[in-house]
Student: 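Handing you this structure, nothing more for now.
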2 protein chains.
Amino acid sequence: MKVAEGKQKFIHTWGRLGANWGINRTMASVHALLLVSADAMNADEIMAELKISRGNANMNLRELMNWGLVHKEIIRGDRKEYFVAEKNLVKVAKLIMKERRKRELDPIVKTLAELQTIEGDKKDKHVKAYLETVKGLKDLTTKADGLIELMLKADESRFLNLLIKLLT
Amino acid sequence: MKVAEGKQKFIHTWGRLGANWGINRTMASVHALLLVSADAMNADEIMAELKISRGNANMNLRELMNWGLVHKEIIRGDRKEYFVAEKNLVKVAKLIMKERRKRELDPIVKTLAELQTIEGDKKDKHVKAYLETVKGLKDLTTKADGLIELMLKADESRFLNLLIKLLT
DNA sequence: CCGTACTTTCAATTATTATTGAAAATATAA
DNA sequence: TTATATTTTCAATAATAATTGAAAGTACGG
């Protein structure tokens, strides 16, 4: 396989991956393109490479910057803005985890706590089924939150060592 | 808050959660409804409760069964089919992880291995950037796969102990 | 076997989400 | 400041995904 073909496939694969994870397909493609590019790229280059409109490129680049996955780079004597992706994929994974935790997990933990405060006969099987499910899910999200916290804090080698230890 | 209201909100919350995770909103709602219901429900009851069509209910129930999250229950002397959700949320989380690993992670690991086999000068910075990203992502997915494996294998208490140990 | 109650399928429709492109806003260099 | 290059916005449009509902398919009890 040639490099150009590999890049194409990589962009496609990452795009599909993103779509399964609540990330817009184009945003994931732009990210993939910048990840496999040696140099910073400007909007026109990205538009040409991915065959997308200026508005689309702009919007998705902004969103990638909001996630902290991409940043602007100024090149002296060039009016255009250039974009670079964070290439350390461990950092990338952590940024994504952090963002999703903030956007999704935190609000859910809060909602579940509210949902536990209902009036009604705790002996009634319907009330019981409800409360057990809500409690179970709250416990689970709390645990997931702890795991994410751990992954975000732990440095890579420690985390790897841990994994190895536990898998053997 | 009354139980009925709590149920409504729970179904809504779980539905939104699912949508962020590549699971169709209605499928998540049906799942939520069965999770908080004390008794098995038939198609008509589910349709009425969620205000969805028969076709929609049928399709999403089938998908939930494919995931192993819901199963049919036969009630003697009743021609209707009844549905029950697995209520143990740790089991539920494991089933979801298993299914998503199968559907997404496995194919990606395979693709990334292919993408590493390119022709070209490994000294060239473009080739280098490409290979480093692909390798980085492969390492990451392999690690993620190991973590999932661990979570699926480890019994709950061991996993909890581990977490506690590491968080303190 | 029937007749009937129920389930499944899927083409057509509706709802949702993503994308375009051109106008407005902004920034740069002279 | 002004002329111009570049970026941003957003209403209109296109693409995608979910939903309906009625017809076809199944299976149960007699």
Side-chain angles (χ1 to χ4, degrees), chain A residues 11-12 14-34 40-67 69-84 100 103-104, chain B residues 11-12 14-34 40-67 69-84 100 103-104:
Chain A
I11 290 164
H12 184 255
W14 193 241
R16 224 158 27 82
L17 182 64
N20 284 325
W21 288 82
I23 289 163
N24 164 304
R25 174 199 234 71
T26 303
M27 176 175 157
S29 299
V30 173
H31 189 209
L33 173 60
L34 292 173
M41 297 181 78
N42 63 40
D44 291 279
E45 291 166 343
I46 293 168
M47 287 161 61
E49 189 76 27
L50 300 180
K51 285 163 186 142
I52 58 175
S53 71
R54 187 172 301 283
N56 201 4
N58 184 275
M59 194 180 120
N60 285 294
L61 282 165
R62 187 189 332 126
E63 193 62 3
L64 283 165
M65 288 190 289
N66 287 343
W67 283 61
L69 297 167
V70 164
H71 58 95
K72 278 187 192 169
E73 200 163 82
I74 306 300
I75 295 186
R76 276 184 54 92
D78 192 336
R79 245 145 107 147
K80 287 196 174 71
E81 296 179 328
Y82 284 76
F83 300 89
V84 193
R100 298 205 67 174
R103 293 184 188 210
E104 295 161 34
Chain B
I11 290 165
H12 184 256
W14 193 242
R16 226 160 24 84
L17 182 63
N20 285 325
W21 289 83
I23 289 164
N24 163 306
R25 176 200 231 70
T26 303
M27 176 174 155
S29 299
V30 173
H31 189 209
L33 173 60
L34 291 174
M41 296 181 78
N42 63 40
D44 291 279
E45 290 165 344
I46 294 169
M47 288 161 60
E49 189 75 28
L50 301 178
K51 285 163 187 143
I52 59 175
S53 71
R54 187 172 301 282
N56 202 5
N58 185 274
M59 195 179 121
N60 285 295
L61 282 165
R62 190 192 326 130
E63 193 62 3
L64 283 166
M65 287 190 289
N66 286 342
W67 283 62
L69 297 168
V70 163
H71 58 94
K72 278 186 192 171
E73 202 166 84
I74 305 301
I75 294 186
R76 274 185 55 94
D78 193 337
R79 271 197 189 186
K80 288 197 176 69
E81 296 179 329
Y82 284 76
F83 300 89
V84 193
R100 299 206 66 174
R103 291 183 189 210
E104 295 161 34

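These figures come from a predicted structure and were not determined experimentally. Throughout, protein chains are lettered first and strands after them, A, B, ... in sequence-line order, and every chain is numbered starting at 1. The figures that follow rest on heavy atoms only: side chains count, while hydrogens, waters and symmetry mates do not.
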Student: Strictly distance-based, threshold 3.5 Å: is any side-chain N or O of B:N60 a donor or acceptor partner for the main-chain N or O of B:N56?
Tutor: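 Yes, the answer is positive, given that a donor and an acceptor are paired below the 3.5 Å cut-off.
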Student: Heavy-atom count around A:R100 CZ within 6.0 Å, excluding the residue itself: above 12?
Tutor: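 Above 12, so yes.
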Student: Answer yes or no: is there a side-chain heavy-atom contact under 4.5 Å between A:L34 and A:I46?
Tutor: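 They are in contact (side-chain heavy atoms under 4.5 Å apart), so the answer is yes.
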Student: Tell me: CD of A:E63 to C1' of D:dT8, nearest whole Å?
Tutor: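 Distance check: A:E63 CD to D:dT8 C1' gives 15 Å.
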Student: So, is A:R25 near the phosphate of D:dT16, with a side-chain N or O under 4.0 Å from OP1 or OP2?
Tutor: no
Student: Among D:dT19, C:dT19, C:dT7, which is the nearest nucleotide to the side chain of B:E81?
Tutor: C:dT7
Student: Scan residues 42-58 of chain B against DNA chain D and write down, sorted by residue number, each residue with any heavy atom closer than 4.0 Å; if none is found, say none.
Tutor: B:K51, B:I52, B:S53, B:G55, B:N56
Student: Could you grab the distance from atom CD of A:E81 to atom CG of A:N58, nearest 0.5 Å is fine?
Tutor: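 Here the rounded value is 8.5 Å.
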Student: Quick one, A:E104 and B:W21 - any side-chain contact, counting heavy atoms below 4.5 Å?
Tutor: yes
Student: How long is the line joining CZ of B:R62 and C1' of D:dA18, in whole Å?
Tutor: 14 Å
Student: Could you check whether any side-chain heavy atom of A:V30 comes within less than 4.5 Å of a side-chain heavy atom of A:F83, counting everything from C-beta outward?
Tutor: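 They are not in side-chain contact.
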Student: Is any side-chain heavy atom of A:L64 closer than 4.5 Å to one of A:M27?
Tutor: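 Yes, their side chains come closer than 4.5 Å.
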Student: Any chance you could list the contact pattern along nucleotides 24-30 of chain C? Use B for base contacts, S for sugar-phosphate-only contacts and - for none, protein heavy atoms under 4.0 Å, 5' to 3'.
Tutor: ---BBS-
Student: Return the value, rounded to whole Å, for the distance between atom CG of A:L61 and atom C1' of D:dT7.
Tutor: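 Answer to the nearest Å: 11 Å.
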Student: Check the distance between D:dT7's C1' and A:L64's CG and give it to me in whole angstrom.
Tutor: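 Spelled out: CG on A:L64 to C1' on D:dT7 is 17 Å.
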Student: Quick check: on DNA chain C, is the nucleotide nearest A:T26 upstream (toward 5') of the one nearest B:K72, or the reverse? Name the residue that is more 5'.
Tutor: B:K72
Student: The side chain of B:N60 is closest to which nucleotide in this list: D:dT19, C:dC6, C:dT9?
Tutor: D:dT19
Student: Measure from CD1 on B:I75 to P on C:dC6 and round the result to the nearest Å.
Tutor: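 About 13 Å, once rounded to whole Å.
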Student: Calculate the interatomic distance between A:N66 atom CG and D:dT8 atom P; express it in whole Å.
Tutor: 12 Å
Student: Could you grab the distance from atom OG of A:S53 to atom CE of A:M59, nearest 0.5 Å is fine?
Tutor: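 Answer for the OG-CE pair, A:S53 versus A:M59, is 9.5 Å.
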Student: Tell me: CD of A:E73 to P of D:dT7, nearest whole Å?
Tutor: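 Value for this atom pair: 14 Å.
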Student: Any donor-acceptor pair under 3.5 Å linking the side chain of B:E45 with the backbone of B:N42?
Tutor: yes
Student: Between A:K80 and A:M59, which is nearer to the 5' end of DNA chain D once each is assigned its nearest nucleotide?
Tutor: A:K80
Student: Expressed in angstrom and rounded to an integer, what is the separation of A:N20 atom CG from D:dA17 atom C1'?
Tutor: 14 Å
